Amino acid sequence: MATDTLKRTPGAGGATGGLRRLLLENGALTALIVLVIAMSALSGDFLTTDNLLNVGVQAAVTAVLAFGVTFVIVSAGIDLSVGSVAALSATVLAWTATSHGVPVFIAVLLAVATGIAAGLVNGFLIAYGKLPPFIATLAMLSVARGLSLVISEGSPIPFPDSVSHLGDTLGGWLPVPVLVMIVMGLIAAFVLGRTYIGRSMYAIGGNEEAARLSGLRVKKQKLAIYALSGVFAAVAGIVLASRLSSAQPQAADGYELDAIAAVVIGGASLAGGTGKASGTLIGALILAVLRNGLNLLNVSAFWQQVVIGVVIALAVLFDTLRRKAGATPSASGASPGGKGKQAGTYALAAVVTVAIVGATSFLHNGSSASADRKMGLSLSTLNNPFFVQIRVGAMAEAKKQGVDLTVTDAQNDASQQANQLQNFTSSGVGAIIVNPVDSDAASNSVKAADKADIPVIAVDRGVNDAKTAALVASDNVAGGELAAKSIAEKLGGKGKIVILQGQAGTSAARERAQGFENGLKAFPGIQVVAQQPADFDRTKGLDVMSNLLQAHPDVQGVIAANDEMALGAIKALGSKAGKSVSVVGFDGTPDGLKAVEGGSLYASVAQQPTQLGRIAVDNALKALDGEKVRQTVKVPVKVVTKENVAGFSG
């Protein structure tokens with residue numbers, strides 16, 4: 001009955017009936033329209049040409065990944081490896097072209113071949129090895145990420161200039177990533193709607209056994225489907241690395257979840273048999289609009305995760321209710337007359353959106369008058385007490401100076417930080433403060449801000465190959481040398497130690513490791529029996545230290561690249577910490593200083609993070625007012641032990 005009702009609607013109601021069909025039959029498109037209207041009403045900075053282009057750029061990588069995942073989900077599979085495969089493909093391109101002198105064209109082919117190879121392995125394990133898609137692609141997620149780290153040795157690799165142009169703009173305004181997204185979307189739509197393999201995807205997803213009995217070579221089709229997913233992942237990785245001007249071994253971490261979310265929000269079913277490229281594009285745009293708008297609205301970085309999760313759930317719930325109401329789209333969108341009807345629906349959606357958004361634009365006339373007192377602060381992560389303290393110092397100084405400070409959390413993702421910096425630039429803030437996830441990856445975004453005459457202050461870490469008004473930082477290398485000297489002198493110049501390294505690929509981890517190495521050269525009696533990364537995380541510090549103790553129970557000292565890992569190591573050492581084993585941390589966080597006071601942590605190389613945040617805001621204001629700012633503002637590091645911890649304030 002519901003289906004009959006929907007079929008009778010077109011003839012009666014004109015525009016009203018068309019709008020009703022739009023709402024019922026296109027849940028994701030409706031959600032996107034509502035979001036655009038809401039963001040336009042809430043923020044005067046949202047509806048600008050520069051910002052809308054930013055949204056397109058920020059959606060591009062997720063969309064290209066999601067187009068490939070659409071093939072897999074339509075065939076009732078899943079691919080959790082696309083983010084890692086993207087990183088591996090980009091790393092192969094940069095490694096072969098930059099480090100080994102392979103011609104760029106061949107390097108690009110090798111990168112795409114890497115994606116195909118990963119997809120074929122996934123397909124073989126699933127089709128012939130009978131592994132569940134979840135398990136097979138989860139294994140590839142780990143393998144591809146590991147290979148990326150092995151090839152790059154944990155460090156970013158500069159991207160070839162000729163390929164980096166994929167991250168540029170045409171004519172000075174049209175972003176190339178958006179064009180790549182459109183082209184890959186058209187290819188995905190063509191594959192799904194006009195090819196034999198596309199029809200096979202729907203057949204396998206609808207009923208695999210029936211497809212097999214009808215003569216379809218299901219196993220070979222699955223190989224091709226996962227290979228296609230690998231190709232799209234490789235293209236996404238190349239576009240992402242082009243934006244960052246470097247191949248980051250940790251790039252696209254977690255992007256597989258965004259890709260799957262975009263596909264499902266776009267109307268595909270995880271049970272298989274339904275889905276289309278246009279829906280996937282809409283899903284990716286919803287995620288991009290959400291993140292962009294929440295940044296512009298100065299929503300807390302922590303609450304952003306909650307809001308995004310809730311909106312994703314509501315979008316899928318709306319789609320589920322629509323399906324139960326009987327407004328079920330065709331599987332492939334290729335039914336007779338369906339293309340014209342679909343085009344008409346999108347045209348109607350565009351008209352409605354433009355009309356309402358145009359009306360809301362009158363709410364924001366003159367809204368940018370106070371932009372000179374607005375600042376943006378992009379921190380590499382807020383999942384670490386050190387950077388939380390930087391935020392505390394920055395917020396306190398901003399409040400004191402009457403500055404509206406927006407703080408964002410890049411979650412150790414260089415691409416996400418690039419998006420945040422672009423959002424700050426397009427919203428016309430007076431100044432930007434950035435704590436780079438990676439010094440190389442932030443360069444393009446900082447250059448864009450400089451082009452817009454927005455002063456940029458780097459804090460804790462510098463930005464390579466880009467102009468900043470000032471760098472407010474401690475010296476990580478010098479701090480590492482102090483940490484090494486402290487542990488060596490505590491042990492009397494000889495003994496066995498282990499080193500807990502930071503997150504592979506980050507500049508802070510590299511610089512502190514260099515400092516440890518430099519400092520230990522003066523103490524030949526100190527033997528480093530093991531060095532392992534624990535990703536600046538307390539839980540991983542506990543796990544890695546527990547494992548190392550099994551192989552080296554006689555260890556006498558530990559150097560950790562931050563206090564969080566040091567505190568994890570102390571937990572693993574138990575009663576040995578501070579007695580038979582001395583532990584030195586880095587950062588001088590509140591928990592670290594408490595451990596120093598209690599005696600379980602011998603020392604922490606304190607960087608005074610609160611002061612870093614305060615001084616960064618102060619220098620940003622000076623640069624904004626045209627005052628002379630020192631190029632480098634050094635905040636001294638200090639070795640804090642039990643003897644001097646009482647008088648120390650970070």
Side-chain angles (χ1 to χ4, degrees), residues 43 45 54 291-292 294-305 370-439 441-443 445-446 448-450 452 454-463 466 468-474 507-508 587 607-625 629 633 635 650:
S43 173
D45 297 318
N54 280 346
R291 291 196 170 98
N292 175 271
L294 293 174
N295 281 168
L296 296 179
L297 293 172
N298 196 13
V299 174
S300 161
F302 303 130
W303 278 106
Q304 285 189 29
Q305 298 303 307
S370 61
D372 58 337
R373 301 302 292 180
K374 290 169 62 179
M375 289 186 189
L377 167 59
S378 176
L379 290 167
S380 57
T381 179
L382 284 173
N383 192 29
N384 183 313
F386 176 77
F387 300 107
V388 171
Q389 289 300 108
I390 290 180
R391 182 187 66 172
V392 169
M395 293 293 289
E397 185 67 15
K399 184 177 181 181
K400 177 182 174 182
Q401 299 286 353
V403 172
D404 180 7
L405 180 66
T406 300
V407 182
T408 60
D409 176 8
Q411 300 177 340
N412 279 324
D413 181 347
S415 175
Q416 188 166 327
Q417 184 166 67
N419 294 342
Q420 292 167 356
L421 295 176
Q422 284 184 330
N423 292 342
F424 287 150
T425 301
S426 65
S427 64
V429 297
I432 295 173
I433 304 170
V434 59
N435 160 235
V437 173
D438 181 81
S439 299
S443 63
S445 300
V446 171
D450 182 57
I454 299 174
V456 178
I457 305 294
V459 61
D460 186 48
R461 305 166 189 163
V463 180
T468 55
L471 167 62
V472 180
S474 304
S507 52
D587 283 344
Q607 294 194 87
Q608 306 182 77
T610 305
Q611 292 299 315
L612 287 173
R614 183 188 66 78
I615 294 171
V617 170
D618 184 57
N619 278 268
L621 275 173
K622 288 180 179 178
L624 187 57
D625 294 336
V629 180
V633 182
V635 178

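In this text the structure is predicted, and so the values were computed from the model without any measurement.
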message = Holding to side-chain contact (heavy atoms from CB on, under 4.5 Å), I want the full list of residues that pass it with Arg391, two or more places apart in sequence or in another chain.
response = Phe302, Leu379, Leu382, Val388, Met395, Val407

key: Heavy-atom pair of closest approach, residues Phe386 and Leu612   = CZ-CD1, 3.8 Å

CD1 on Ile615 to CD1 on Ile433, rounded to 0.5 Å = 11.5 Å

task = Walk me through it: do Thr610 and Ile390 pass the test side chain to side chain contact (heavy atoms under 4.5 Å, CB included)?
result = CA-CA 5 Å; Thr610 305; Ile390 290 180; over 6 Å; no

inquiry  = Under the side chain to side chain contact (heavy atoms under 4.5 Å, CB included) test against Ser380, which residue among Asp438, Val434, Val437 passes?
reply    = Val437

ask   = Does the side chain of Asp409 come within less than 4.5 Å of Gln416's, by heavy atoms?
value = no

Any side-chain heavy-atom pair of Leu471 and Val633 under 4.5 Å = no

note = Only residue of Asp450, Ile432, Val463 satisfying side chain to side chain contact (heavy atoms under 4.5 Å, CB included) with Thr468 is Val463

query = Is there a side-chain contact between Val429 and Met375 (heavy atoms, below 4.5 Å)?
reply = no

query = Which atoms form the tightest heavy-atom contact between Pro436 and Gln417, and what is the distance?
reply = CA-OE1, 3.3 Å

key: Asn295 and Gln420: CA distance, side-chain angles, deciding distance, side chain to side chain donor-acceptor pair (under 3.5 Å) verdict   = CA-CA 7 Å; Asn295 281 168; Gln420 292 167 356; 4.8 Å; no

task = Could you tell me the separation between the CZ atom of Phe424 and the NZ atom of Lys374, rounded to the nearest 0.5 Å?
result = 10.0 Å

remark   = Smallest heavy-atom separation, Ala441 atom then Ala414 atom, equals CB-CB, 3.6 Å

query = Which atom names give the shortest non-hydrogen contact between Gly430 and Leu624, and what distance separates them?
reply = O-CD1, 3.1 Å

request  = Could you tell me whether a side-chain N or O of Thr381 sits under 3.5 Å from a main-chain N or O of Asn412, the two making a donor and an acceptor?
outcome  = no

message = Between Leu421 and Ser378, is the side chain to side chain contact (heavy atoms under 4.5 Å, CB included) condition met? List the steps.
response = CA-CA 7 Å; Leu421 295 176; Ser378 176; 4.0 Å; yes

ask   = Is the shortest heavy-atom distance from the side chain of Thr406 to the side chain of Leu377 under 4.5 Å?
value = no

message = Has Asn435 got a side-chain atom pairing as donor or acceptor with Val459's backbone, closer than 3.5 angstrom?
response = yes

ask   = Could you give the distance from CG (Asn54) to OG (Ser426), rounded to the nearest 0.5 Å?
value = 4.5 Å

query = Salt bridge check: are Asp618 and Lys622 linked by an N-O gap of less than 4.0 Å?
reply = yes

task = Identify the heavy atoms of Ala470 and Val629 that sit nearest to each other, and give their distance.
result = CB-CG1, 3.5 Å

remark   = Between the CD atom in Gln608 and the OG atom in Ser474, the distance rounded to the nearest 0.5 Å is 7.0 Å

request  = Show your working on side chain to side chain contact (heavy atoms under 4.5 Å, CB included) between Asp460 and Phe387 and close with a plain yes or no.
outcome  = CA-CA 9 Å; Asp460 186 48; Phe387 300 107; 3.8 Å; yes

request  = Decide yes or no on side chain to side chain contact (heavy atoms under 4.5 Å, CB included) for Gln389 and Asp587, but give the supporting numbers first.
outcome  = CA-CA 10 Å; Gln389 289 300 108; Asp587 283 344; over 6 Å; no

note = Closest non-hydrogen atoms of Ala449 and Thr425, given as atom of the first, atom of the second and distance, are CB-OG1, 3.7 Å

query = What is the distance from atom CG of Asn423 to atom CG of Asn292, rounded to the nearest 0.5 Å?
reply = 4.0 Å

